[in-house]
Protein chains: 2
Amino acid sequence: MKRRSTASKEEVLAVLKAEETAMSHDMLQSKLSVSMDRATIYRILNRFCEDGQVHKFVGDDGKQYFALCINCGDETEHHHHNHFHFKCLECGKVECLRDEVEVSLPKGYVTRSFNGFISGVCAGCSSLKKGEE
Amino acid sequence: MKRRSTASKEEVLAVLKAEETAMSHDMLQSKLSVSMDRATIYRILNRFCEDGQVHKFVGDDGKQYFALCINCGDETEHHHHNHFHFKCLECGKVECLRDEVEVSLPKGYVTRSFNGFISGVCAGCSSLKKGEE
DNA sequence: TTATTATTGCAACAAAGTCGCATTAATTAA
DNA sequence: TTAATTAATGCGACTTTGTTGCAATAATAA
């Protein structure tokens, strides 16, 4: 299964880079300059995940989000992504929080996957709100 | 809107207590001794949430899970549920992890909701697996 | 240029969750 | 005990998310 370079693929990648936020499928689709099928977008994104360019997580809205694997620290391929994701409820931006989080599990428990998600208001938006008052 | 005590409501509560695990709608439905409509189950659970008997969170499968507000520590009504939930991929049990988790947000960021979810293997199941080898 | 096969679009589908509305039934008042 | 009030339920319809099969398209290798 060698990957082929296609316009769709490049476009998805371009949007992910340009927007600088993790994106759910629908966020992405609305930003695409070329229209493409929902299934295609999912397939492209999941391929990126397999290739380690992108990682996937679940938001507190139950949706899958996809983020470029940059600014996520120096993760290597089999690395657990033990960081939180933060979604700003004002501007909609979803970002990776830098610090790795350690959760102490009870004795004998083993982690397979980690999903940390916080919703709130980011610095930019909370200062704006202060300004408005 | 005074709450009424109904058989359905009691049954849902009974299952939640008996199973001792957080449950998604479908897990719950399959354990009910009385069949009831999907919408009804959701409405009952969401009412429990409003009343503070139950809290809700999202699993890494994107589903909503509901857990009784016991063994979750001494949360008061407006308390953030800053604890992780752990789902055992072997036995399916979903439990609240005791320790409260502190995530240090960048300056100016405000938390509105917290969702921490870990999948893996619980102590019981991982010791069983050792035994099998 | 042709053969190979990864990629795409389309349609269909399943599952999760919500909502409106008519009916049922728990509670309160008479 | 009966009647009135209205919360709770069941049903159906619907939206959204995500996946999959299959035929058509197109990127790559021969």
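Here is how names work: the chains are called A, B, and so on, in the same order as the sequence lines, proteins then strands, and each is numbered from 1.
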- Rounded to whole angstroms, how far apart are CE on M27(A) and C1' on dT16(D)? 16 Å
- Query: Counting only side-chain N and O atoms of T6(A), is one of them less than 4.0 Å from OP1 or OP2 of dT8(C)?
  - Reply: yes
- Note: for A7(B) and Q64(B) on DNA chain C, the residue whose nearest nucleotide lies more 5' is Q64(B)
- Angle class for the F117(B)/F57(B) ring planes (parallel below 30°, perpendicular above 60°, tilted otherwise)? tilted
- Return the nearest nucleotide to the side chain of H25(A); candidates are dT28(D), dG18(D), dC10(C). dG18(D)
- Item | Gap between atoms NZ and C1', on K2(A) and dT5(C) respectively (whole Å) | 12 Å
- Query: Under 3.5 Å, is there a donor-acceptor pair between the side chain of S126(B) and the main chain of G108(A)?
  - Reply: yes
- Nearest-angstrom distance from the residue atom CD of E11(A) to P of dT8(C): 12 Å
- Task: Name the residue closer to the 5' end of DNA chain C, choosing between S24(B) and A39(A) according to the nucleotide with the nearest heavy atom.
- Result: A39(A)
- Would you kindly check whether a donor in the side chain of R43(A) faces an acceptor in the base of dG9(C), or vice versa, at under 3.5 angstrom? yes
- Rounded distance in Å - CD (E10(A)) to C1' (dA6(C)): 15 Å
- From dT8(C), dA16(C), dC11(D), pick the nucleotide closest to the side chain of D37(B)? dC11(D)
- Message: From C-beta outward on R4(B), which listed nucleotide comes closest to its side chain: dG10(D), dA16(C), dT27(C)?
- Response: dT27(C)
- Roughly how many Å is it from CD in Q29(B) to P in dA15(C), rounded to a whole number? 12 Å
- Message: What is the separation between atom CZ on R47(B) and atom P on dA7(D), rounded to the nearest whole Å?
- Response: 11 Å
- Are the side chain of E11(A) and the backbone N or O of S33(A) linked by a donor-acceptor pair below 3.5 Å? yes
- Y109(B)-F86(A) aromatic ring centre distance below 6.0 Å: yes
- Rounded to the Å, how far apart are L45(A) CG and dT8(C) P? 11 Å
- Task: Measure from the side-chain N and O atoms of D51(A) to the backbone N and O of Q53(A), and report whether any donor-acceptor pair falls under 3.5 Å.
- Result: no
- Message: Using whole Å, what does the distance between atom P of nucleotide dT9(D) and atom CG of L32(B) come to?
- Response: 12 Å
- Choose from dT17(D), dG17(C), dA16(C) the nucleotide whose nearest atom is closest to any side-chain atom of R38(A). dT17(D)
- Message: Between Y42(A) and dT19(D), is there a contact of a side-chain N or O with OP1 or OP2 at under 4.0 Å?
- Response: no
- Message: Less than 4.0 angstrom between a side-chain N/O of R3(B) and OP1 or OP2 of dT6(D), yes or no?
- Response: no
- Below 4.0 angstrom from OP1 or OP2 of dG17(C), is there any side-chain N or O of N46(B)? no
